[in-house]
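Below: the structure, in structure tokens.
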Amino acid sequence: MKLTLEALQILDTIDRKGSFAAAAIELDRVPSALTYSVRKLEEDLDVLLFDRRGHRAKLTVAGLELLTEGRHLLLAAQELERRVKRAATGWEVELRIVLDSIISFDSLLPLIDAFDRQNAGTRLRISHEALSGVWEALLFDRADLVIGAPQSGPDSIRMSGGFQTRQLGTIDWAFAVAPGHPLANATEPLTASLVQQYRAIAVGDTGRTLPSINSGLLNGQDILTVPSVPAKLQAQLSGLGCGHLPRWMAIPHFASGALIEKQTTEAKPSDKTQIAWRTPAVGKSLKWFIAQLSEPGTQRALLGSPAPQASPHESSNHV
């Protein structure tokens, strides 16, 4: 059987144009050459592909089935051709980006829009992890680039030499409760023993093999574990518990009265967060994103906070 991409392209063009003559013009072939190709294919398959009784070339049931499935092959071949050309120019076929839960996907949209204007043709695959799960995605090759990774990465990354990191920014925290929460009217600063009596809202670490990042919780404190930082915000707005929120995220709710900031005797220090990738950074798409993520304006947009500062802080859980 001589079923080729060229034969499928001829069938597709004849069907779209409605006649052998019109298809021949589009394909820059003589009509007799198309007629010969179709008849040869019909002989090889032992089926009639076109009903030639009318003025318009009409596919038979068998011809329609062949073309319907054949168009999938044509599209796949075109995509393969584009992927090969992209690879030859240095642009990756796909770039896998993992965001820490503290990075809102919405904040990444302007960056994606700017990347689209590069006409790279690289497919972006974006997903969320939390805390050690971000590092794990990079370590086990489920990500080419991670954004918002906690400052204290695992030893397996810091000591391997196969990864590079760059500071993204600093996260300032605010302890927040809903107006109806028992701590809302408590005398400040709140002591650890007082806070410990009430349920904390914490983002669950999505890591499966690396040690979990759990600092920030008080011993014996009840915990409601939620899947993301936005979910944590909603839980605290609903009065389901207390905890620290990124200050930039909490400020609008402080202003509206939906949340109340409380001072504590043990304030949570600011955290540094970073981007990380495997070295060397070979592909043009990865290099483009690294360059953009090094811009102060991009960093502020992603974190809703001032550009990175120089003094280091320890990483802690989103609690």
Side-chain angles (χ1 to χ4, degrees), residues 1-99 105-128 141-145 281-292:
M1 182 176 67
K2 303 294 184 181
L3 182 57
T4 63
L5 291 175
E6 181 184 15
L8 291 173
Q9 184 182 36
I10 290 173
L11 294 182
D12 173 67
T13 309
I14 295 172
D15 181 62
R16 287 188 293 104
K17 291 298 182 178
S19 71
F20 282 68
I25 294 173
E26 178 171 317
L27 295 174
D28 195 23
R29 305 270 294 275
V30 295
S32 59
L34 267 61
T35 301
Y36 172 80
S37 296
V38 171
R39 286 179 176 171
K40 183 67 169 62
L41 182 59
E42 288 176 328
E43 291 175 3
D44 291 338
L45 297 177
D46 195 24
V47 295
L48 187 65
L49 299 176
F50 281 99
D51 184 347
R52 299 172 175 81
R53 290 175 295 182
H55 294 290
R56 180 181 176 87
K58 184 178 180 181
L59 288 166
T60 63
V61 173
L64 181 60
E65 177 67 17
L66 176 62
L67 183 56
T68 299
E69 295 301 319
R71 279 173 171 154
H72 295 305
L73 295 177
L74 288 173
L75 289 174
Q78 291 168 6
E79 175 60 19
L80 177 59
E81 182 179 347
R82 286 192 291 266
R83 289 168 63 182
V84 170
K85 289 180 179 179
R86 286 198 298 268
T89 60
W91 294 98
E92 301 92 324
V93 173
E94 180 178 79
L95 186 68
R96 302 164 299 169
I97 301 174
V98 168
L99 310 177
F105 175 71
D106 289 349
S107 67
L108 199 68
L109 293 176
L111 198 59
I112 295 174
D113 182 57
F115 179 70
D116 285 346
R117 293 195 292 273
Q118 304 300 308
N119 294 316
T122 299
R123 293 195 301 262
L124 300 179
R125 181 182 294 273
I126 301 171
S127 58
H128 266 116
D141 197 26
R142 297 197 303 272
D144 303 302
L145 172 68
V282 177
K284 289 184 178 179
S285 298
L286 177 57
K287 290 179 179 178
W288 186 91
F289 271 94
I290 292 170
Q292 295 300 311

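Computed from a predicted model, the values in this text were never measured in an experiment.
In this structure, Phe105 and Leu99 approach most closely via the heavy-atom pair CA-CD1, 4.2 Å. Contact detail for Ala24 and Leu34: the closest heavy-atom pair is N-CD2, 3.6 Å. In plain terms, the two heavy atoms of Ala21 and Pro31 that are nearest each other are CA-CG, 4.3 Å.
Of the inter-residue distances, the one linking Leu95 atom CG with Phe289 atom CZ reads 6.0 Å to the nearest 0.5 angstrom. To the nearest 0.5 angstrom, Leu124 atom CG is 7.5 Å from Ser285 atom OG. Going from atom CG of Leu74 over to atom CG of Leu8 covers 5.0 Å, rounded to the nearest 0.5 Å. Between the CG atom of Asp46 and the CG atom of Asp44 there is a distance of 10.0 Å, given to the nearest 0.5 Å.
Under the side-chain hydrogen bond (donor to acceptor under 3.5 Å, both in side chains) criterion, Glu94 pairs with Arg125, not counting sequence neighbours. Looking at residues two or more places apart in sequence or on another chain, you find a side chain to side chain contact (heavy atoms under 4.5 Å, CB included) between Leu48 and Glu42, Arg52, Thr60. For the side chain to side chain contact (heavy atoms under 4.5 Å, CB included) test, residues two or more places apart in sequence or in another chain that qualify with Ser37 are Ile10, Arg29. Every side-chain hydrogen bond (donor to acceptor under 3.5 Å, both in side chains) that Asp141 has, sequence neighbours left out, goes to Arg96. In terms of the side-chain hydrogen bond (donor to acceptor under 3.5 Å, both in side chains) criterion, Lys287 has no residue partners (sequence neighbours excluded). For Ala22, the side chain to side chain contact (heavy atoms under 4.5 Å, CB included) criterion is met by Lys17, Ser19, not counting sequence neighbours. For Asp28, the side chain to side chain contact (heavy atoms under 4.5 Å, CB included) criterion is met by no residue, not counting sequence neighbours.
Residue Arg39 qualifies as open at atom CZ: its count of foreign heavy atoms under 6.0 Å is 12 or below.
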Side-chain atoms of residues 64-73: list all donor-acceptor pairs with protein atoms under 3.5 Å, sequence neighbours left out, distances to 0.1 Å.
unit_1 : atom_1 : unit_2 : atom_2 : d
Thr68  : OG1    : Leu64  : O      : 2.7
Arg71  : NE     : Asp12  : OD1    : 2.6
Arg71  : NH2    : Asp12  : OD1    : 2.9
Arg71  : NH2    : Asp15  : OD2    : 3.0

For residues 107-117, tabulate all N or O donor-acceptor pairs below 3.5 Å that involve a side-chain atom, not counting sequence neighbours.
unit_1 : atom_1 : unit_2 : atom_2 : d
Ser107 : OG     : Ser104 : O      : 2.6
Asp113 : OD2    : Arg117 : NH1    : 2.6

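Residues Phe50 and Lys58 are not in side-chain contact: their nearest non-hydrogen atoms beyond the backbone lie 4.5 Å or more apart. Looking at Leu11 and Val38, their side chains come closer than 4.5 Å, going by heavy atoms from C-beta outward.
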Might you work through the salt bridge (Lys or Arg N to Asp or Glu O under 4.0 Å) test for Arg123 and Glu92, ending with a clear yes or no? CA-CA 8 Å; Arg123 293 195 301 262; Glu92 301 92 324; over 6 Å; no

Evaluate Glu26 against Arg16 for side chain to side chain contact (heavy atoms under 4.5 Å, CB included), listing each step before the verdict. CA-CA 11 Å; Glu26 178 171 317; Arg16 287 188 293 104; 2.8 Å; yes

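Identified under the ring pair (Phe, Tyr, Trp, His ring centres under 6.0 Å) test for residues 23-44, with sequence neighbours left out: none.
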